[in-house]
J.: 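Sharing a structure here in structure tokens format.
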Amino acid sequence: DMSLEVEVDDLSILLADGNAAVAAGDATARFDMMAGEQFQMPLRWTATLNRTEAGWKLAAIHFSANVFDNPLMGGF
């Protein structure tokens, strides 16, 4: 099982005459493996949204983890 808790750093930054927004923040991914292991992975994220006639639409999202200090490198 996997769940994700997300926190935003601040209000979105509006660009392109208010028709695009960029936000960033922290996230925690929680994993419950079938073999019984459980671990959490701290992440950073950024998201870009575009304003359309139908409303705001997600254009891009990116999550990243510290490749040198994370639960997978240390073995749960």
J.: Roughly how far, to the nearest 0.5 Å, is the CD atom of Q40 from the CG atom of D32?
T.: 9.5 Å

J.: On a heavy-atom basis, which atom in R51 and which in G18 lie closest, and how many Å separate them?
T.: NH2-O, 2.8 Å

J.: Answer yes if V6 and M41 sit in the same cluster of Ile, Leu, Val, Met, Phe, Trp and Tyr residues linked by side chain heavy atoms under 4.5 Å apart, and no otherwise.
T.: yes

J.: Measure the spacing between NZ of K57 and CG of N50 and express it to the nearest 0.5 Å.
T.: 11.0 Å

J.: Ignoring hydrogens and geometry, is there a side-chain-to-backbone donor-acceptor pair from W45 to D26 under 3.5 Å?
T.: yes

J.: Are L43 and V22 connected in the hydrophobic side-chain network, where two residues link if heavy atoms are under 4.5 Å apart?
T.: no

J.: Using the rule that Ile, Leu, Val, Met, Phe, Trp and Tyr join whenever any side-chain heavy atoms are under 4.5 Å apart, tell me whether L4 and M33 fall into a single cluster.
T.: yes

J.: With a 3.5 Å cut-off and sequence neighbours excluded, list the donor-acceptor pairs that the side chains of residues 8-17 form with protein atoms.
T.:
residue: D9; atom: OD1; partner: R44; partner atom: NH1; Å: 3.3
residue: D9; atom: OD2; partner: R44; partner atom: NH1; Å: 3.4
residue: D9; atom: OD2; partner: R44; partner atom: NH2; Å: 2.8

J.: If we only count heavy atoms from C-beta on, is the F31 to E37 side-chain gap below 4.5 Å?
T.: no

